[in-house]
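Report on one structure; see the data block that follows.
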2 protein chains.
Amino acid sequence: MARAATTSDAFNAIAEPQRREILVLLRGGERPVTELARDLGMSQPQASKHLRVLREVGLVRARGAGKQRLYGLDARGLRPVHEWLGGFERFWSGSFDRLDEYVQDLKQARQEEPPDDDDQ
Amino acid sequence: MARAATTSDAFNAIAEPQRREILVLLRGGERPVTELARDLGMSQPQASKHLRVLREVGLVRARGAGKQRLYGLDARGLRPVHEWLGGFERFWSGSFDRLDEYVQDLKQARQEEPPDDDDQ
DNA sequence: TTGACGCATGCCGATATAGGCATATGATGA
DNA sequence: TCATCATATGCCTATATCGGCATGCGTCAA
């Protein structure tokens with residue numbers, strides 16, 4: 001198996017930096033493809049492809065406007081992602097001091113143990 | 001180019017469902033690899049590989065405990081992701097709840113102001 | 001030392017990616 | 001109708017993935 005499709009869910013769709021930039025830009029309002037491509041310094045086909053992915057996940061909607069096609073944000077699909085991350089909020093907020101203890105434990109363990117830190 | 005490495009950032013790391021499940025499990029405290037593999041119904045090598053990815057992104061820390069290796073959560077790396085998503089919160093709450101309304105707003109805005117709200 | 005256990009890693013195969021380039025499709029206006 | 005502009009799509013290459021399987025490596029107990 002390869003990696004999951006970018007169109008499988010919002011998690012995969014926003015894993016790509018350029019797609020995140022597109023979403024950020026669209027926060028300011030609808031935009032045609034060429035404008036997005038220009039502002040983000042990518043080719044028009046690439047912009048279209050990224051927009052296609054975002055469309056298939058439902059994060060973006062297209063609307064024909066004459067020769068152009070205006071893309072607009074539909075960020076509702078990001079909500080589940082945000083909520084999933086919210087489940088970890090207590091681990092980085094101050095009220096949860098257990099992390100600090102944990103980190104201390106780690107430091108101790110690391111000092112005592114030989115460097116098996118293969119981590120890059 | 002292929003897709004960005006899963007170890008490039010937290011966005012890519014959490015794009016994989018099994019890794020998300022690992023993180024959720026680790027919210028309950030440190031766990032050895034085999035236990036994670038068993039609870040999530042995956043092979044031990046797969047668990048190790050996923051944990052390696054999470055380790056390289058810094059979402060997880062390992063601590064040697066005898067024969068075992070206890071993995072613990074370090075969710076601080078998720079904070080930037082959560083914050084990025086927070087930038088879209090207003091689009092799924094309140095008046096932006098429905099895309100239709102949102103599109104209407106955009107149309108109005110565009111009619112009132114010149115559309116070349118120029119880039120950046 | 002030997003064996004058993006826990007975990008990490010290497011190799012393989014199948015797949016899907018991101019990007020570049022060329023081209024097809026669609027709408028507009030003359 | 002035809003030419004033009006705005007997008008979408010197809011083909012191609014290089015790459016990185018995820019999974020399975022086998023195996024290496026380190027730790028512990030006899």
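As the structure is a computational prediction, the values presented were derived from the model and not from experiment. We name chains A, B, ... by the order of the sequence lines, and we start the count at 1 in each one. Quick note: numbers below take in every heavy atom, side chains included, and nothing from hydrogens, waters or symmetry partners.
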Option among A:E83, A:H82, A:R20 that satisfies the side-chain contact (heavy atoms from CB on, under 4.5 Å) test with B:L85: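 When side-chain contact (heavy atoms from CB on, under 4.5 Å) is applied between B:L85 and each of A:E83, A:H82, A:R20, only A:H82 qualifies.
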[X] [atom1] - [N] [atom2] separation (whole Å):
| X | N | atom1 | atom2 | value |
| --- | --- | --- | --- | --- |
| B:L40 | D:dG19 | CG | C1' | 15 Å |
| B:R55 | C:dT9 | CZ | C1' | 11 Å |
| B:I14 | D:dC18 | CD1 | C1' | 18 Å |
| B:M42 | C:dA8 | CE | C1' | 15 Å |
| B:R69 | C:dT9 | CZ | P | 8 Å |
| B:R31 | C:dG6 | CZ | P | 16 Å |
| B:N12 | D:dC18 | CG | P | 9 Å |
| B:H50 | D:dC18 | NE2 | P | 6 Å |

Which heavy atom of A:L23 sits nearest a heavy atom of B:F88, and at what distance? O-CE2, 3.6 Å
Heavy-atom nearest pair, B:G87 first then B:R90, reads O-NE, 4.3 Å
Are there any protein N/O atoms within less than 3.5 Å of an N/O atom in nucleotides 15-17 of chain C, and if so, which ones and at what distance?
residue	atom	partner	partner atom	Å
C:dT17	OP1	A:T6	N	2.9
C:dT17	OP1	A:T6	OG1	3.2

Just N and O in the side chain of B:S43: are any of them under 4.0 Å from OP1 or OP2 of D:dG20?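 Checking D:dG20 against B:S43, a side-chain N or O does come within under 4.0 Å of OP1 or OP2.
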Return no unless some side-chain N or O of A:Y71 is found under 4.0 Å from OP1 or OP2 of D:dA6.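 No, no such contact exists.
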Got a list of side-chain donor-acceptor pairs under 3.5 Å for residues 8-17 of chain B, not counting sequence neighbours?
residue	atom	partner	partner atom	Å
B:S8	OG	B:A5	O	2.6
B:S8	OG	B:N12	ND2	3.1
B:D9	OD1	B:F11	N	3.2
B:D9	OD1	B:N12	N	2.9
B:D9	OD1	B:N12	ND2	2.9
B:N12	OD1	A:R3	NH2	2.7
B:N12	ND2	A:A15	O	3.1
B:E16	OE2	B:Q18	N	3.0

What pairs with A:Y71 under ring pair (Phe, Tyr, Trp, His ring centres under 6.0 Å), at least two apart in sequence or on another chain?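 So A:Y71 forms no ring pair (Phe, Tyr, Trp, His ring centres under 6.0 Å) with any residue.
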Answer yes or no on whether B:R27 is positioned over the face of A:F91, meaning its NZ or CZ is under 6.0 Å from the six-membered ring centre and within 45° of the axis. no
What pairs of residues pass the ring pair (Phe, Tyr, Trp, His ring centres under 6.0 Å) test when at least one of them lies in residues 37-69 of chain B, not counting sequence neighbours?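 Output for this query is empty, none listed.
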Give me each pair satisfying ring pair (Phe, Tyr, Trp, His ring centres under 6.0 Å) with a member in residues 14-41 of chain B, each pair once, sequence neighbours excluded. none
Kindly say whether, by distance alone, the side chain of B:Q46 makes a donor-acceptor pair under 3.5 Å with the base of D:dG19?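 Under the 3.5 Å cut-off, the side chain and the base do form a donor-acceptor pair.
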Drop me the distance from B:E89's CD to A:R79's CZ, to the nearest 0.5 angstrom.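 Taking CD in B:E89 and CZ in A:R79, the distance rounds to 8.5 Å.
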I'd like to compare against my own output: the B/S/- annotation of nucleotides 23-30 of chain C with a strict under-4.0 Å heavy-atom distance to protein. ----SS--
Closest-nucleotide 5' rank along DNA chain D - winner of B:Q18 and A:S48: A:S48
